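All values derive from a computational prediction rather than experimental measurement. Naming: A, B, ... by sequence-line order, numbering from 1 per chain.
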Protein chains: 2
Amino acid sequence: MENFDPALDGAFHALADPTRRAVLRQLLAGPKPVKQLAEPFAMGLPAFLKHLRVLEETGLIATEKTGRIRTCRIEPERLLQAESWLAEQRAFWGAGADRLAAYVENHLAEEPNP
Amino acid sequence: MENFDPALDGAFHALADPTRRAVLRQLLAGPKPVKQLAEPFAMGLPAFLKHLRVLEETGLIATEKTGRIRTCRIEPERLLQAESWLAEQRAFWGAGADRLAAYVENHLAEEPNP
DNA sequence: AAATCAGTTCACCACTTGGCAAACCAAATC
DNA sequence: GATTTGGTTTGCCAAGTGGTGAACTGATTT
């Protein structure tokens with residue numbers, strides 16, 4: 001029932017950028033320092049740091065600075081929250097019988113694009 | 001490996017707005033005309049139509065106009081695509097053993113002795 | 001035919017986003 | 001102690017977003 005959940009807003013907004021999704025992908029393999037994370041992207045560090053800050057403020061990653069390097073690690077809770085919202089919606093449109101019938105009628109006759 | 005998928009960009013961007021998420025919730029119960037969809041929200045129709053267009057261009061909903069009323073219905077494919085991306089990431093960070101250990105250490109008060 | 005109703009379009013506005021360059025700070029390194 | 005290295009801050013800019021009000025179109029009702 002939490003339609004106005006700011007955490008969801010932030011999580012989906014953060015995920016809407018390919019750079020940020022790629023950062024999350026990199027962090028799946030384990031924590032990494034900022035510069036190593038930034039390497040694959042064709043942009044300056046300031047721009048990249050903005051993306052990191054978005055991810056951190058949203059709670060999708062956490063960072064810690066030791067010495068002069070800042071290490072980033074993934075923070076799975078928000079990711080799980082976003083996924084569970086989507087799963088909840090899916091469960092819902094699976095629930096209505098007529099809704100399901102309409103879906104079948106409209107989509108099963110054609111070839112869906114994967 | 002499709003990090004630069006514009007469809008995902010659009011889907012997550014569309015989901016980042018509470019109004020649009022609420023519209024999707026309403027449509028889970030079945031197709032609805034525009035005005036009925038717009039009723040719960042404290043905004044004019046032009047602003048609401050912009051949200052609907054975002055949802056439609058992203059492929060999250062489909063609309064059809066008969067007479068003077070436009071009926072909207074949900075289009076589950078994009079939703080599934082977004083959810084499966086998240087599920088994929090979750091599967092990944094479940095894969096790394098040290099990553100999993102760090103997660104347990106940081107978030108669970110239990111002892112993960114395998 | 002006139003009035004209403006459901007959308008639509010248009011012009012405009014405040015605010016955010018995503019990028020840049022340049023200067024700056026602190027920690028390693030030479 | 002001078003220099004590189006990793007990160008940060010500060011302005012700045014073009015483009016996009018989310019909203020408004022007013023005018024308009026076309027279908028329905030009276």
Q: Indicate whether OP1 or OP2 belonging to dG18(D) is found under 4.0 Å from a side-chain N or O atom of Arg20(B).
A: yes
(Q) Expressed as a whole number of angstroms, how long is the span from Leu55(B):CG to dT17(D):C1'? (A) 14 Å
(Q) From CG of Leu52(B) over to P of dA6(C), roughly how many Å is that when rounded to an integer? (A) 15 Å
Q) When you measure from the side chain of Leu49(A), which nucleotide among dC20(C), dA22(D), dT9(D) comes out closest? A) dT9(D)
Q: Ignoring backbone atoms, test whether His13(B) places a side-chain nitrogen or oxygen under 4.0 Å from the OP1 or OP2 oxygen of dT17(C).
A: no
**Q.** Straight-line distance of Leu86(B) CG to Gln81(A) CD, nearest 0.5 Å
**A.** 11.5 Å
Q | Nucleotide dG7(D), atom C1' - distance to CD of Glu39(A) in whole Å | A | 15 Å
Q. Does the pair Thr63(B) and Glu56(B) meet the rule for a side chain to side chain donor-acceptor pair (under 3.5 Å), with working shown?
A. CA-CA 7 Å; Thr63(B) 77; Glu56(B) 187 173 15; 3.0 Å; yes
Q | Below 4.0 Å: OP1/OP2 of dT9(D) and any side-chain N or O of Arg53(A) | A | yes
Q | First of Gly67(A) and Ala42(A) reached from the 5' end of DNA chain C, by closest nucleotide | A | Ala42(A)
Q: Measure from the side chain of Lys65(A), starting at C-beta and using heavy atoms only, and say which of dT8(D), dC20(C), dC10(C) lies closest.
A: dT8(D)
Q. Separation of Arg21(A) atom CZ from dG18(C) atom P, in whole Å?
A. 12 Å
Q.
If the cut-off is 4.0 Å, is Arg70(B) near the phosphate of dT8(C), judged by side-chain N/O to OP1 or OP2?
A. yes
(Q) Does dG18(C) have OP1 or OP2 under 4.0 Å away from a side-chain N or O of Lys50(A)? (A) no
Q. Step by step, would you call Asp5(B) with Arg21(A) a salt bridge (charged side-chain N to carboxylate O under 4.0 Å, His left out)?
A. CA-CA 10 Å; Asp5(B) 191 340; Arg21(A) 287 201 304 276; over 6 Å; no
Q | Geometric class of the Trp85(B)/Phe12(B) ring pair [parallel <30°, tilted 30-60°, perpendicular >60°] | A | perpendicular
Q: Check Leu52(A) against Cys72(A) and note the closest heavy-atom contact, atom names and distance.
A: CD1-SG, 4.0 Å
**Q.** Distance in angstrom units between Leu45(B) CG and dG18(D) P, rounded
**A.** 17 Å
Q. Given atom CE of Met43(A) and atom P of dC20(C), what is their separation to the nearest angstrom?
A. 7 Å
Q | Integer-rounded Å distance: dG7(D) C1' and Gln36(A) CD | A | 15 Å
(Q) What's Pro33(B) touching, base or sugar-phosphate or nothing? Going by heavy atoms closer than 4.0 Å. (A) sugar-phosphate
Q | side-chain N/O His51(B) vs dG19(D) OP1/OP2, d < 4.0 Å | A | yes
Q | Whole-Å distance separating the CZ atom of Phe48(B) from the C1' atom of dA6(C) | A | 13 Å
Q) Has the side chain of Arg68(A) got a donor or acceptor atom sitting under 3.5 Å from an opposite partner on the base of dA27(C)? A) yes
Q | Residue Ile69(A), side-chain atoms from C-beta onward, closest of dT8(D), dT5(D), dG7(D) | A | dG7(D)
